Amino acid sequence: MRLNVRWRSGNSAYLILALLMPACAAIGLVLAWTSLGLEFDNYAYDFLFRSEPAAPWQPSSIILAIDERTLAKYGFPAGIRSALADGLNRIQAARPAVVAVDTILSDPGDEGPSAKLEEAFAHTHNLVLSADLLPDGSGWEEPIPRFRKYAVEVGQVHAALDTYDAISRELPLEKIAGRRRLWALSLAAYRTAHGAEIMESPDDLTVASVRIPSSIRDEAHQRHDRLLGDERLMRIRFAPKGLIPSISVAELDRDPALAAKFAGKVVFAGVTAQNTVRDRWMTPASSIAMAGVEIHANAFETIARHMFLVDASPVAVLAFCLALVSGAGLIYVFLPGRAANVAALLLVGASQAVPAVAFARSVVWPWLPGTLSAGLALATAASWRHLLVRRALVRAGEEKNRYQHAMQFVTHEMRTPLTAIQGSSEMISRYGAMPEAKRKQMAELINSESKRLARMIETFLSVERLSAGEMEMKQERFPLAALVERCTERARPFADRKQIEIEISALPPDDLTGDRELMEYAVYNLLTNAVKYSPSNTRVKVFGEDDRGDRVRLSIEDQGIGMDKKEVSRIFEKFYRTKRAEQSGEAGTGIGLSIVEQIVTQHGGAIHVESEPGKGSRFTLVLKRAL
Ligand code: ADP
């Protein structure tokens with residue numbers, strides 16, 4: 001029985017845990033999708049970016065920088081075109097593979113420097129110029145024709161900054177404005193270097209057999225009437241600091257031999273001076289803003305080195321979160337104290353390790369869903385266990401109290417037959433000349449009282465043995481109706497004393513199999529309880545019901561004191577008695593029903609109780625029919 005009770009209350013506790021755990025995963029996923037959550041994930045991404053820098057490589061790009069010194073020499077902003085022209089003229093002899101110019105040349109400017117730049121462009125092989133999005137997104141700020149005519153292509157240099165923290169992590173490989181689509185400057189430079197076409201599919205772009213995973217983010221691609229669309233974002237894998245060489249025009253002026261470094265390289269030319277605020281952005285890799293031209297060079301290296309960072313599949317992330325919360329639940333269901341804490345730490349470790357390991361494999365695994373799922377689930381499961389243990393402690397305390405009460409009652413009850421036995425046996429031995437009839441009466445009294453004692457002891461032992469599963473059950477076949485009638489006969493004397501009528505109807509003709517004696521004990525107990533907990537001049541009904549299937553039902557219904565829901569849920573606990581029962585003045589131990597339930601369940605049956613305080617109770621046995 002003890003086991004049964006625990007299973008009964010534990011069952012709902014486990015169900016609650018089983019519902020709470022996926023709820024933790026759901027909360028984790030939903031929170032991770034809020035703007036705050038996404039921001040946290042960005043920071044985790046930046047952290048991984050810095051803690052797992054890519055191994056250095058031989059860069060194929062180089063920056064021709066218009067830096068502070070250059071501007072100091074040429075003047076700002078008027079000197080930019082002259083500086084650029086000088087720089088391009090100096091590196092021409094080294095024959096760079098491509099020259100991508102990240103300067104917007106959309107205005108005529110002063111004639112002198114513009115003519116100089118035009119002249120330099122005319123001698124530049126594979127020139128790629130750039131266009132930026134107009135502030136309202138309605139079109140492009142493009143190079144004027146005198147420059148445009150020398151360019152093999154125009155690339156766009158719009159920076160895709162994060163909506164939340166304005167950090168440049170991704171680059172739109174394509175952009176549509178004013179019904180015109182432009183490829184990113186870096187991509188345009190790459191395809192020019194390889195003389196290749198760009199092949200498009202909804203999930204990727206392919207250039208010179210390099211597949212760039214970058215899906216179309218919205219339907220804008222199909223609907224060219226849209227002005228603006230952040231399509232095909234590619235994460236930039238920023239190179240370690242200083243990996244991409246940068247040589248300024250001022251340096252070239254001072255040491256023309258430096259031009260050799262540009263040989264065969266893809267050159268990104270642009271302004272890097274810090275005081276030109278217009279084109280500098282924060283990146284995950286640097287603590288100071290990075291010049292746009294450097295960002296394009298980094299994006300180019302990402303493509304050239306195939307260092308693409310792809311998103312983890314949402315299904316995998318979901319599965320991971322579910323695995324974490326299941327783990328948290330299992331830990332607190334199965335592992336004892338310290339082991340559970342160690343396992344919980346390991347689980348937290350796993351939630352942190354997976355994003356890091358994935359990043360090392362170029363997969364961007366969102367950090368927050370797993371972290372939140374694991375954290376919430378562990379906290380919930382630990383609290384669940386704490387409550388369960390506390391409840392068990394309270395219950396154990398209550399059981400102990402009840403046990404002590406029952407022991408007092410039992411010892412008290414035992415005293416009565418013992419006193420009778422003692423008195424009678426003393427009388428017999430003391431008065432030798434006792435009349436025969438009197439002696440016989442005393443001997444009978446001793447006999448019946450010791451039998452009563454034996455029965456009492458037997459009952460208590462049965463509970464323990466049944467609980468421990470040591471009681472052997474006989475397997476015999478017997479008719480239910482006869483069993484009920486015998487119990488009724490035995491209970492009738494008690495019922496008569498309270499003028500309670502026992503009414504039997506519709507007993508099923510079926511046989512049962514099992515231990516007849518135990519089953520009789522169960523039915524007899526229910527009957528005597530019905531009588532015990534009913535006022536005088538009421539009626540107890542015993543009736544059967546065919547359950548059609550392989551089961552029969554036997555109900556015992558009284559018009560007694562009844563019980564409320566909470567009490568009903570506890571009456572099968574050992575030693576439990578309701579307040580109303582205590583106050584009724586009827587003696588009891590609170591053991592009977594625990595034995596009844598044990599017997600019934602061991603016979604593969606079940607017991608149901610319906611009751612209402614002051615109205616009465618109905619106990620229904622659902623029993624297996626013998627085949
Ligand atoms: P006991 O009758 O010795 O107290 P039981 O285990 O048979 O112990 O019953 C446990 C408790 O369930 C009773 O003390 C009583 O509070 C309640 N109970 C059992 N049967 C009835 C009934 N027919 N009507 C009202 N209460 C009942």
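Order of listing sets the numbers, starting from 1, for every ligand and every atom in it. The structure presented is a predicted model; accordingly, all values stated were derived computationally and were not measured.
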- Task: Pick one of side chain, backbone, both or neither for how Met563 approaches ligand 1, counting any non-hydrogen atom pair under 4.0 Å.
- Result: side chain
- Under-4.0 Å heavy-atom contact with ligand 1, by part of Val596 that carries it: neither
Shortest protein heavy-atom distance from [atom], along with the residue and atom involved:
atom: atom 4 (O) of ligand 1; value: Arg577 NE, 2.7 Å
atom: atom 15 (C) of ligand 1; value: Ala581 CB, 3.6 Å
atom: atom 27 (C) of ligand 1; value: Tyr533 CD1, 3.6 Å
atom: atom 16 (O) of ligand 1; value: Thr578 OG1, 2.7 Å
atom: atom 5 (P) of ligand 1; value: Leu593 N, 3.6 Å
atom: atom 12 (O) of ligand 1; value: Ile571 CG2, 3.3 Å
atom: atom 3 (O) of ligand 1; value: Thr589 N, 2.8 Å
atom: atom 11 (C) of ligand 1; value: Tyr576 O, 3.7 Å

- Note on the structure: Nearest heavy-atom approach of Arg577 to Tyr533 is NH2-OH, 2.9 Å
- Message: Within 45 degrees of the ring normal and closer than 6.0 Å to the centroid, is that where the cationic atom of Arg235 sits relative to Phe49?
- Response: no
Under 3.5 Å, N or O to N or O, is [X] touching ligand 1 that way?
X: Gly562; answer: no
X: Gly592; answer: yes
X: Asn529; answer: yes

Straight-line distance of [X] [atom1] to [Y] [atom2], nearest 0.5 Å:
X: Asp510; Y: Leu480; atom1: CG; atom2: CG; result: 7.5 Å
X: Lys541; Y: Arg539; atom1: NZ; atom2: CZ; result: 7.0 Å
X: Trp33; Y: Leu38; atom1: CH2; atom2: CG; result: 6.0 Å

- Item | Atoms of ligand 1 close to Ile591 [distance to a heavy atom under 4.0 angstrom, numbered from 1] | 6 (O), 8 (O)
- Task: Take the angle between the ring planes of Phe572 and Phe619 and call it parallel below 30°, perpendicular above 60°, tilted in between.
- Result: perpendicular
- Query: Between Trp384 and Tyr14, does the ring centre distance come in under 6.0 Å?
  - Reply: yes
At a 4.0 Å cut-off, with the gap strictly under it, does some heavy atom of [X] reach an atom of ligand 1?
X: Lys532; answer: yes
X: Phe572; answer: no
X: Gly560; answer: no

Please check this pair: side chain of [X] against backbone of [Y], looking for a donor-acceptor N/O pair closer than 3.5 Å.
X: His386; Y: Ala381; answer: no
X: Glu449; Y: Ile446; answer: no
X: Glu52; Y: Ala360; answer: yes

- Pairs meeting criterion side-chain hydrogen bond (donor to acceptor under 3.5 Å, both in side chains) with involvement of residues 334-356, two or more places apart: Gln352-Trp367, Gln352-Thr371
